[in-house]
Amino acid sequence: ESDDSDQAYISDDEDLAQPGVLQSLKSGRLPVNIRAVHAICLFGAGGKDYIALRCLDRIIQSNELDSFDEEEISTDVGVADENKIVSIWELHAPLNNTFVLSSLADLATANVRGHPRSLHSLLSILKKYFLTNVMINEGLDFDEVLASGKELEKAHALKMLLASLKLLIDCARMDLALLDGLDEEEVNTIEQVVNESALALKIMTRFQYILWNPCFSDWSLPQSSVDIVSILSGAISVLVQAASLVQDKRVIRVVQVGFRKSRQFISKICQADNTASESSAFSRAATWRSFPLPHGWQTSFHQKISLRAYNLCIAGCVSSFSGWEPSEFNLDQLRKSNINFFGVMLEGPCVAGFLPDNAASAVAEQWDYISHILPDLELLPFEEYLEDRKKMNWYQKVRKTMEKQSLDSSKISTYGEQNGIRALLSFSTLCLILAEESEGDEKDEFVKLSMSVLLPMTQFSIDKQVWQSSIGTLVMTFSGNETKIGFYLDENYHWSGPTKTKQGQIQHASNRLGSRPATA
């Protein structure tokens, strides 16, 4: 205690007297928690990834840090934002193995730029200490973690799950990009890549109940569901790329496994029954000759896919509509949005708009594919129709207005709808690739699955009837819609008519903005 003050000081002599502590400090060896944080900070800092990951691997393997803390942290923090709650929890959370793995997951999902070897090493750590445990006991043990009352533990588990899935796909893409030739070693690499993608899809379908959680009041998506749509799109595109590179039977077998899992997850986001459909001779795709094609061949599953494809296209043009709505687009489904843009045309028999350039290119490529699989079907000059469409006054005005407002489809659609479009188009391409490898009923079903995506997207983008389905006509059947459009849509394609709040209350943009809606 100090002689010239009443302040009492606590001595650390007793701590330093513990065996090995003083010698450890003299030798420069830091406590395990400091070493863990230091290694996390080194990763992605430039040139130190290998050291950082080796250090973290040893720390986790040593069991010096507890796997989980038994004491749950209080969630009574008085903050409504879920992300802020997690941040405050983490400030009070113990530094344990879960914290270390969750921090690595943060780095993975933050798109930290690292050498491909570093990202593969990061994936191997998440596989070794997390992902391999996820599917133990058919995933039932992980179900218990997700169902527990420990909110921080659940948040960490979901974060690690998403990061692991993302890294599986990112590393698979990198491996495909590094291929130079198709010798036996490259074929083995492709097979491994397809296995990784199929594993990601298997895990996604197993835990789809936690990964796909739309808000049923307004069909918005939480960030985790937006992320999983992006991962789904990437996983299917890896299967497509691999199947396009090589026709090896081993690879195709695993691709088919990935296809079945992707179909299962797509059935979830399309709210469709995933039962196998039966084909009859009179409705076979091989009997189709000219446009518009019939639609009686569509099962309930096909129809749900087509409806989802159509709604996703609408969401890329109308900011106040969620592409995940289970029912067909109509004006009474418009909801309040931070961005106000209404870029669809209701003058024809069906709703028409525009697709992002990459999506339109994918549609064009698939019609070329169709011409080889169905040689007796009338050719559809999609690119010519699209060029004619782009010359229309309406189309040019809409695109110029978007440029002035610095808008694109990714900004207009806020719930991952663009990744949804990419996922469905990749699924459609995969179906066409597998159709070439198939015969009979199996080939027919692959073609019909592809067409269930391709037809609604084609009709929406070129404004020409290519099939006889009623999808895209619902908004036309309600009297007064033309009057509503004329009154509520201004020259900048801003919608000033009624929209719903998240609670379902009706509001008018004109009332909120203090201005009158302008006529078109």
Side-chain angles (χ1 to χ4, degrees), residues 80-86 102 105-106 108-111 131 134 139 142-143 145-147 151 154-170 197 200-237 261-272 274 304-305 307-316 318-327 333 335-339 409-427 502:
D81 188 336
E82 179 184 352
N83 293 325
K84 292 181 180 178
I85 290 176
V86 172
S102 180
D106 277 331
T109 54
N111 294 315
L131 206 53
V134 166
F142 193 63
D143 284 330
V145 174
L146 297 174
E151 294 300 324
K154 288 163 58 178
H156 281 322
L158 182 58
K159 185 190 299 182
M160 289 185 284
L161 183 60
L162 286 168
S164 300
L165 293 172
K166 181 178 185 298
L167 274 176
L168 278 171
I169 304 308
D170 287 348
S197 182
L201 288 164
K202 178 181 178 180
I203 294 172
M204 287 165 59
T205 54
R206 172 60 180 81
F207 298 104
Q208 61 186 8
Y209 70 90
I210 192 69
L211 295 172
W212 179 253
N213 279 308
C215 176
F216 297 124
S217 63
D218 63 351
W219 293 99
S220 60
L221 297 186
Q223 188 58 48
S224 58
S225 294
V226 172
D227 292 340
I228 205 63
V229 174
S230 175
I231 294 170
L232 173 67
S233 172
I236 303 176
S237 68
K261 293 301 178 182
S262 63
R263 173 183 167 128
Q264 188 175 342
F265 201 89
I266 283 175
S267 71
K268 180 70 173 180
I269 66 175
C270 294
Q271 295 184 303
N274 192 32
K304 289 294 182 66
I305 291 179
L307 179 60
R308 177 62 65 232
Y310 168 72
N311 277 352
L312 290 173
C313 290
I314 293 287
V318 179
S319 59
S320 51
F321 177 74
S322 170
W324 306 111
E325 281 273 359
S327 54
Q333 295 168 327
R335 299 183 183 276
K336 182 181 178 182
S337 173
N338 293 329
I339 297 174
S409 296
S410 63
K411 292 180 180 178
I412 295 172
S413 54
T414 55
Y415 300 124
E417 287 95 343
Q418 296 309 297
N419 281 322
I421 288 175
R422 281 190 282 271
L424 288 184
L425 284 172
S426 293
F427 180 74
K502 191 167 186 176

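Because only heavy atoms are used, hydrogens play no part in the values below, and waters and symmetry mates are left out as well, while side chains stay in.
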Report all side-chain donor-acceptor pairs from residues 264-272 shorter than 3.5 Å, counting only partners two or more places apart or in another chain.
residue	atom	partner	partner atom	Å
S267	OG	Q264	O	2.5

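Between the S426 side chain and the I236 main chain, no donor and acceptor come within less than 3.5 Å of each other. When atom types are taken as modelled, the side chain of T205 and the backbone of L201 share a donor-acceptor pair closer than 3.5 angstrom. One N or O on the side chain of N311 and one on the backbone of E325 form a donor-acceptor pair closer than 3.5 Å. Side-chain N or O atoms of S225 include one that pairs as donor or acceptor with a backbone N or O of N213 at under 3.5 Å.
Qualifying side-chain hydrogen bond (donor to acceptor under 3.5 Å, both in side chains) partners for R206, counting only residues two or more places apart in sequence or in other chains: D143. Applying the salt bridge (Lys or Arg N to Asp or Glu O under 4.0 Å) test to K154 and every residue at least two apart in sequence or in another chain returns E151.
No side-chain donor-acceptor contact under 3.5 Å links Q418 and S410.
Aromatic rings of W219 and F216 (six-membered ring for Trp) have centroids within the 6.0 Å cut-off, being under it.
Residue A315 comes nearest to E417 through the heavy atom pair CB-CG, 3.5 Å, listed as atom of the first residue, atom of the second, then distance.
For the pair I210 and F142, the minimum side-chain heavy-atom distance is 4.5 Å or more. In this structure the side chain of S197 reaches within 4.5 angstrom of the side chain of I169, judged on heavy atoms.
If you take CG on D218 and CZ on F321, they are separated by 12.0 Å, rounding to the nearest 0.5 Å.
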